[in-house]
Structures are given as C-alpha cells and as structure tokens.
Participant: 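For reference, the structure I am asking about is given below.
Heavy-atom basis, side chains included; hydrogens, waters and symmetry copies ignored.
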Amino acid sequence: MIGVFKMSTGFKWKLMDIHTHILPDVDDGASDVKEMAEMIAQADEEGISVIVATPHYGICNPDYDPAKVQEKMAAARRILKESYPHIRLFMGNELYYSPGIIEDLKCGRAKTLGGTDYVLVEFPIDITYDRLAEAVRAFCSEGYRPILAHIERYGCLFRELDRVHELIELGAYTQVNARGFLAGRFEKRGGWCRNLLKDDAIHFIASDCHDSVSRTPVMRSAVDAMLKAAGEEKVKKIVNTNIIRLIRNEFI
C-alpha cells in the first residue's frame, strides 16, 4: 500500500501522477538519467508530490528487464532524496493487455500501482467494446481493480458515454490524460474529455509523460482547465478524493 504523503506546497490539493514514463532506457520514456531529472523537476513545478513510475509491460515492450527497472528506480530515488525529498516515488506498470498478463501480475513479474490492487491497463486503440468488457471482467474476477489508461483514445468508447458507464459498472476505473483538457474546446478529443468530466465518467487524470519536451508531466494547468469546465466538486473528487482512496487501497 502506498501510504500517507505530505501535501505539496502552492496548490489546493495533493497531486499524484499515477501514469508516468520517467524511468530512463526501459521503454519509450525518458532517454537518460539527465532527462529523468528534468522530468522530476517539471513534476515538482506542477505541484506533484507522488509519482508512480509505470513503464510499459507486455508485448509492446518485449525487452522489459525487471532488474534494469529496479536499477533506474534506485537512480530516481537518489535524485529525489538529494533535491526533492518531499516527492515520493512508487513502482507500477502500464500493462498492455494480452493473454497471460494477469498471470504475470499474480506471480509478481508485472506490478500493480504501488502495491495496491489497482492496475493500469492499456489496450489497442482499435479494441472492440466486447473485448474491452471481457478484459475488465477478467481482472476483476482475480481481485484486481483495472484502471483503463487514457480512455479518450479508444475508438469503441468515443462519444459513447453509455458504454463508459457500463464498463464502470463492471468494475473498471477510468484515466484520462491531462493533456486532453489542454486541447481546444472544439477539438474532438478536448470536447470528449470535457463530456466525460461533466458526466462523472473519469476517476483519475495523469500526465502519461514520456519526455521533458513534448510530453512533459503536465497536471496543474489541466486541473485549472477542469475547474473551469466542471467546477470544484467534480474536480476535487478526481484529483483528491479518488487519489486518497487509491492510496489506501479502498474501492472508489
């Protein structure tokens, strides 16, 4: 279980980024330790006080090396200890759904988020709705709580609020990338993210950061945009209440 952490300074709520690719040279995220340090500095500026490293795991990252990941985690923790002692770092994975992925979780090769029962799961963008629902059932039947990564990308869910709510009823949780709220109001993805927000169909936002230039750990500006779109009550639930429940490994 992740445990308790201190509130970051300069922002209304604790911000926690549950979807990041800050570890260098383990997937398509940070290229080296220098870039990882830059991304951590950016996260700090965004008011993020907890980071979950979620390197890709599965057929999309066949060279995944657990020993190398632990080595990079140690390097990240050294940076945090020296320069950002108020930020806590935890391990997870972004699991690419495929046969055998649940067995990898059960034996410990793949990781849940910070040792909780929550798992971050990515799917092909062209996955069918029936296959998505089947995957949710499979995770839940084994006691896991699947968080569907960047749901705004999946064609079978786009502008299908009923389907999103059906998946939630099956036991799924939803994560939207923060940058979705920085898109223009009339852009397809930006409008869809705002519809999901207003319809109470989002449980988490996360940066899904991959580098220090074009896919940085954005959070604060996205939260500001969410507040303008839907008001404090809805946004607080996503960026504060739900996060606390995840930390405590409680159901949402």
Side-chain angles (χ1 to χ4, degrees), residues 2-3 5-6 8-11 13-58 60-96 109-116 118-122 147 149-150 153 175-182 204-223 239 243 246-247:
I2 291 176
F5 58 91
K6 295 181 180 179
S8 59
T9 59
F11 199 71
W13 299 302
K14 303 171 184 177
L15 294 181
M16 174 176 168
D17 198 351
I18 66 168
H19 185 172
T20 74
H21 299 274
I22 67 164
L23 301 183
D25 196 28
V26 295
D27 61 3
D28 59 346
S31 58
D32 53 30
V33 172
K34 180 181 177 181
E35 183 166 45
M36 174 174 67
E38 291 171 354
M39 294 169 72
I40 291 172
Q42 291 167 340
D44 184 50
E45 291 173 1
E46 291 290 312
I48 296 168
S49 56
V50 170
I51 299 171
V52 184
T54 55
H56 291 288
Y57 182 97
C60 66
N61 189 17
D63 297 324
Y64 183 87
D65 182 345
K68 190 174 185 179
V69 168
Q70 290 305 315
E71 174 189 329
K72 303 304 181 181
M73 282 288 287
R77 288 195 168 110
R78 285 194 293 271
I79 293 171
L80 294 175
K81 183 177 180 179
E82 292 172 3
S83 303
Y84 309 96
H86 53 285
I87 297 179
R88 299 186 68 185
L89 175 68
F90 297 94
M91 186 65 213
N93 279 128
E94 181 180 10
L95 310 173
Y96 193 87
R109 286 195 296 268
K111 302 298 182 183
T112 66
L113 298 183
T116 69
Y118 287 91
V119 291
L120 182 68
V121 192
E122 177 184 17
I147 300 173
H150 38 62
R153 294 183 182 179
Q175 178 255 306
V176 167
N177 281 1
R179 288 187 182 278
F181 291 101
L182 303 182
F204 305 100
I205 64 162
S207 73
D208 190 12
C209 58
H210 278 66
D211 58 51
S212 61
V213 179
S214 60
R215 297 182 68 180
T216 60
V218 170
M219 290 287 278
R220 185 188 299 267
S221 51
V223 173
V239 304
I243 288 294
L246 183 151
I247 289 166

Participant: Taking Asp17 for the side chain and Ser207 for the main chain, is one N or O donor matched with an acceptor at less than 3.5 Å?
Facilitator: yes
Participant: So, taking the atom named SG in Cys209 and the one named CZ in Arg179, what distance separates them when rounded to the nearest 0.5 Å?
Facilitator: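 Going from SG on Cys209 over to CZ on Arg179, the span is 9.0 Å.
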Participant: Using modelled atom types and a 3.5 Å cut-off, is there a donor and acceptor pairing between side-chain atoms of Glu122 and backbone atoms of Leu95?
Facilitator: no
Participant: Let me confirm one number: the CD1-CD distance from Ile147 to Glu94, rounded to the nearest 0.5 Å.
Facilitator: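 It comes to 11.5 Å.
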Participant: Can Asp44 and His86 be said to form a side-chain contact (heavy atoms from CB on, under 4.5 Å), step by step?
Facilitator: CA-CA 9 Å; Asp44 184 50; His86 53 285; 2.6 Å; yes
Participant: Is the closest side-chain heavy-atom distance between Ser49 and Leu15 below 4.5 Å?
Facilitator: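 A side-chain contact is absent here, since even the closest heavy-atom pair is not under 4.5 Å.
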Participant: State the OG1-CG distance between Thr116 and Leu246, to the nearest 0.5 angstrom.
Facilitator: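 Going from OG1 on Thr116 over to CG on Leu246, the span is 5.0 Å.
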Participant: Is there a side-chain contact between Leu182 and Ser221 (heavy atoms, below 4.5 Å)?
Facilitator: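 Yes, at least one pair of side-chain atoms sits under 4.5 Å.
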Participant: Check the angle between the aromatic planes of Tyr64 and Tyr57 and answer parallel, tilted or perpendicular using the 30° and 60° thresholds.
Facilitator: perpendicular
Participant: Got Ile22 and Leu89 here, is their nearest side-chain heavy-atom distance under 4.5 Å?
Facilitator: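 Yes, side chains in contact.
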Participant: Working to the nearest 0.5 Å, report the span between CE of Met39 and CG of Leu23.
Facilitator: 9.0 Å
Participant: May I ask you to say whether Asp28 pairs ionically with Arg215, meaning some side-chain N is under 4.0 Å from a carboxylate O?
Facilitator: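 Between Arg215 and Asp28 there is no salt bridge, as every charged N stays at least 4.0 Å from the carboxylate O atoms.
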Participant: Please report the shortest heavy-atom distance between Pro217 and Ala43, naming the atom on each side.
Facilitator: CG-N, 3.6 Å
Participant: Side chains of Glu46 and Thr216: does their closest heavy-atom pair fall under 4.5 Å?
Facilitator: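 In short, these two side chains do not touch, never coming nearer than 4.5 Å.
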Participant: Test your reading of the model: is there a side-chain donor-acceptor pair from Glu35 to the backbone of Asp211, 3.5 Å cut-off?
Facilitator: no
Participant: For residues Val52 and Leu113, report the shortest heavy-atom separation together with the two atoms involved.
Facilitator: CG1-CD2, 4.0 Å
Participant: Mind listing the closest non-hydrogen atom pair of Ala222 and Ala178 along with its distance?
Facilitator: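 Shortest heavy-atom separation between Ala222 and Ala178 comes out as CB-O, 3.4 Å.
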Participant: Within this structure, what is the CE-OG1 distance for the pair Met91 and Thr54, rounded to the nearest 0.5 Å?
Facilitator: 8.0 Å
Participant: So how far is it from Ile40 CD1 to Glu45 CD, rounded to the nearest 0.5 Å?
Facilitator: 12.5 Å
Participant: Is it true that the side chains of Asp27 and Asn61 contain a donor and an acceptor less than 3.5 Å apart?
Facilitator: no
Participant: Describe, in one word, how the ring planes of Tyr118 and Phe204 are oriented to each other, choosing from parallel (under 30°), tilted (30 to 60°) and perpendicular (over 60°).
Facilitator: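 Tyr118 and Phe204: perpendicular rings.
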Participant: Is any side-chain heavy atom of His19 less than 4.5 Å from a side-chain heavy atom of Asn177?
Facilitator: yes
Participant: Specify the closest pair of heavy atoms between Gln42 and Ser212, including all atoms of both residues, with the distance to one decimal.
Facilitator: NE2-O, 2.9 Å
Participant: Is there a side-chain contact between Ile247 and Met16 in this structure, where contact means two heavy atoms from C-beta onward sitting under 4.5 Å apart?
Facilitator: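 The answer is yes, as the side chains (C-beta and beyond) meet within the 4.5 Å cut-off.
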